[in-house]
Amino acid sequence: MGTDLKPLIKAKEIKLESLAGKVIAIDAYNALYQFLATIRGYTGEPLMDAHGRVTSHLSGLFYRSVNLLAAGIKPVYVFDGKPPALKHAELESRRRSKEEALAKYEEALQEGRFEDARKYAQATSMLKDYMLNDAKTLLTLMGIPYVEAPSEGEATAAYLTIIGLAYATASQDYDSLLFGSRRLVRNLTISGRRKLPNKNVYVDVNPEIIELDELLRDLGISREALVDVAILIGTDFNPEGFKGIGAKKALQLIKKYGRLEDIDVEGLRDELKMVDYNAIREIFLKPEVAEPSNVNIIFKEVDEQGVTRFLCDEHNFSRERVSNAIKRLNEAIRIRGSSLEQWFS
DNA sequence: CATTCTTA
DNA sequence: TAAGAATGG
């Protein structure tokens with residue numbers, strides 16, 4: 001879920017094309033989860049192949065990646081490793097709400113309330129290991145690199161921007177900023193349409209970028225202080241946050257007192273004693289990240305035969321759609337005139 | 001979510 | 001032809 005920093009952030013809308021030629025480190029879990037949750041049939045069932053294996057995430061990953069490549073963007077997907085121990089409570093609560101959603105889904109389905117069923121089905125979404133493996137296979141066949149993070153994917157993605165291997169991170173969550181990402185791109189989409197939660201209304205959504213340096217300057221605080229603000233709001237590592245404190249109040253408090261241990265507010269001071277905020281700070285400020293020597297960001301040509309075999313033969317995608325997409329991509333590459341030399345190096 | 005089909 | 005609805009797997 002991440003930290004709700006939104007009220008503190010003013011993002012700049014950008015055109016997708018402005019990212020042409022840039023390496024973007026994409027939070028794989030975030031992207032795949034979004035695909036899995038939203039790409040569903042009328043009654044909420046995910047797309048599946050003839051063997052009943054879920055393919056929603058592959059559909060999203062394939063078409064979006066084609067579009068990013070066609071726009072000249074170089075995506076690098078960063079996969080999660082082992083979650084920090086402090087994340088257990090958050091993961092457990094996610095597991096529980098999925099369980100509850102499953103019960104509601106079955107009930108709604110039984111009663112023919114398909115719109116509800118769809119909503120609850122989305123909330124049951126779980127990325128299984130085989131789905132992650134299928135996603136990695138597809139990326140390899142598409143010539144798109146990915147990185148295995150030792151722990152939080154957002155942390156390694158952020159690190160890639162810090163060491164100059166990526167221009168920005170891409171995620172819907174703000175946590176990569178806490179991990180020090182120099183730039184965060186949200187809404188890295190093509191269609192620019194998103195359904196409002198619980199409503200049958202669609203709104204235009206454009207990609208937006210947040211520059212960490214600018215954000216810190218605007219807020220008038222350091223990254224260390226921003227992490228303290230996040231802890232007050234509530235992070236994946238202290239999901240409760242603190243009673244009555246949202247983004248605005250958290251910022252006020254840190255601007256006034258500087259850091260968590262100096263907050264002099266009746267009640268809150270005692271609540272803070274119950275939280276190991278130093279451990280949380282450490283996760284954000286000194287995260288476990290991939291070794292640069294283990295990061296190979298190499299783009300290759302799309303293996304059209306391989307992609308077709310994998311998506312169409314193994315997973316029952318339409319040959320026509322897949323070949324059209326690859327044709328579009330090749331045409332875009334041709335028009336851009338990017339020689340394979342400069343592109344794939 | 002992204003693409004394709006339908007509709008007016 | 002452009003917006004909205006349906007479909008994809």
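So you know, we letter chains A, B, ... as the sequences are listed, proteins then strands, and number each from 1.
For Ala279(A), the side-chain contact (heavy atoms from CB on, under 4.5 Å) test picks out Leu86(A), Asp276(A), with sequence neighbours left out. With sequence neighbours excluded, no residue forms a salt bridge (charged side-chain N to carboxylate O under 4.0 Å, His left out) with Asp213(A). In this structure, Lys104(A) has no salt bridge (charged side-chain N to carboxylate O under 4.0 Å, His left out) partners at least two apart in sequence or on a different chain. In this structure Arg328(A) satisfies the side-chain hydrogen bond (donor to acceptor under 3.5 Å, both in side chains) test with no other residue, sequence neighbours excluded. Applying the side-chain contact (heavy atoms from CB on, under 4.5 Å) criterion to Glu214(A), with sequence neighbours excluded, gives Lys12(A), Glu211(A), Arg217(A). Partners of Tyr42(A) under the ring pair (Phe, Tyr, Trp, His ring centres under 6.0 Å) rule, at least two apart in sequence or in another chain, are Phe114(A). Scanning for side-chain contact (heavy atoms from CB on, under 4.5 Å) contacts around Asp173(A) gives Asn30(A), Glu154(A), Ser171(A), with sequence neighbours left out. Take Arg309(A) and apply the salt bridge (charged side-chain N to carboxylate O under 4.0 Å, His left out) test, not counting sequence neighbours, and it matches Glu314(A).
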Report, one line per pair, each donor and acceptor closer than 3.5 Å where one atom sits in a side chain of residues 140-149 of chain A; sequence neighbours left out.
unit_1: Thr140(A); atom_1: OG1; unit_2: Lys136(A); atom_2: O; d: 3.0
unit_1: Glu148(A); atom_1: OE1; unit_2: Lys136(A); atom_2: NZ; d: 3.2
unit_1: Glu148(A); atom_1: OE2; unit_2: Lys136(A); atom_2: NZ; d: 3.0

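In this entry the distance linking CG of Asn316(A) with P of dT7(C) reads 19 Å, nearest Å. Spacing between atom CD1 of Ile190(A) and atom P of dC1(B) amounts to 12 Å, rounded to whole angstrom units. dC1(B) atom P lies 13 Å from atom OH of Tyr33(A), rounded to whole Å. Between His315(A) atom NE2 and dG8(C) atom P there is a gap of 18 Å when expressed in whole angstrom units. Per the geometry, CZ belonging to Arg319(A) stands 12 Å off P belonging to dG9(C), to the nearest Å. Taking atom CZ of Arg118(A) as the reference point, atom P of dT7(C) lies 12 Å away to the nearest angstrom. Rounded to an integer number of Å, the gap from Lys327(A) NZ to dT3(B) P is 15 Å. Residue Leu58(A) contributes atom CG, which lies 16 Å from atom P of dT3(B) at whole-angstrom precision.
Comparing dA2(B), dG8(C), dG9(C) by their nearest atom to the side chain of Arg64(A) picks out dA2(B).
Residues of residues 38-48 of chain A having a heavy atom closer than 4.0 Å to DNA chain B, listed by number: Thr38(A), Ile39(A). Interface residues of residues 130-139 of chain A facing DNA chain C, ordered by number: none; criterion, heavy-atom separation under 4.0 Å.
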Nucleotides 4-6 of chain B: which of its N/O atoms have a protein N/O under 3.5 Å away?
none

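The aromatic rings of Phe179(A) and Phe284(A) are tilted relative to each other, their planes meeting at an angle between 30° and 60°.
For Asn67(A) and dT3(B), the shortest distance from a side-chain N or O to OP1 or OP2 is below 4.0 Å.
Nucleic acid contact class of Ser318(A) (heavy atoms, under 4.0 Å, all strands): sugar-phosphate only.
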Chi angles and distances behind the salt bridge (charged side-chain N to carboxylate O under 4.0 Å, His left out) call for Glu92(A), Arg96(A): CA-CA 6 Å; Glu92(A) 179 58 23; Arg96(A) 253 207 310 282; 3.6 Å; yes

